[in-house]
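Everything on this sheet refers to the single structure shown next.
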Amino acid sequence: MDAAISPLTQWNCTDFTKCCKDSGVLMVVKCRKENSALKECLIAHYNDPAFYEECKMEYLKEREEFRKTGIPTKKRLQKLPTSM
């Protein structure tokens, strides 16, 4: 789903993350501008019907695979250890 997020949103997220790391405990006060920009961008994505359908189809595909295998996507994508 990360591929569906626009580069602008990724930049806002990076900007917000950097601000939080630099500000420490005071991030609540110091990063309001970055947080607002990130929220606006995410709201635009959440209200986009095409993005909603893409997320829904990805979820249904993962759910179908889980029902077939019984293994969650996260565990299925991990590399299995090889023994020698």
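All residue numbers in this chain count up from 1 along the given sequence. Since this is a predicted model, take the numbers as computed values, not measurements.
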Taking salt bridge (charged side-chain N to carboxylate O under 4.0 Å, His left out) as the cut-off, I'd like each qualifying pair that reaches into residues 40-53, sequence neighbours left out, listed once. Glu53-Lys56
With a cut-off of 3.5 Å and sequence neighbours excluded, list every side-chain donor-acceptor pair involving residues 18-30.
{"residue": "Lys18", "atom": "NZ", "partner": "Asp22", "partner atom": "OD2", "Å": "3.0"}
{"residue": "Ser23", "atom": "OG", "partner": "Cys19", "partner atom": "O", "Å": "2.8"}

Is it the case that the side chain of Asn47 and the backbone of Ile43 share a donor-acceptor pair, with hydrogens and angles ignored and the cut-off at 3.5 Å? yes
Side chain proximity check, Lys61 to Met57, heavy atoms < 4.5 angstrom: no
Hey, any chance Tyr59 and Phe66 share a hydrophobic cluster, counting ILVMFWY side chains that come within less than 4.5 Å of each other, even indirectly? no
Roughly how far apart are Glu34 CD and Lys39 NZ, rounded to 0.5 Å? 12.5 Å
Would you compute the distance between atom CZ of Phe16 and atom OG of Ser36 and round it to the nearest 0.5 angstrom? 9.5 Å
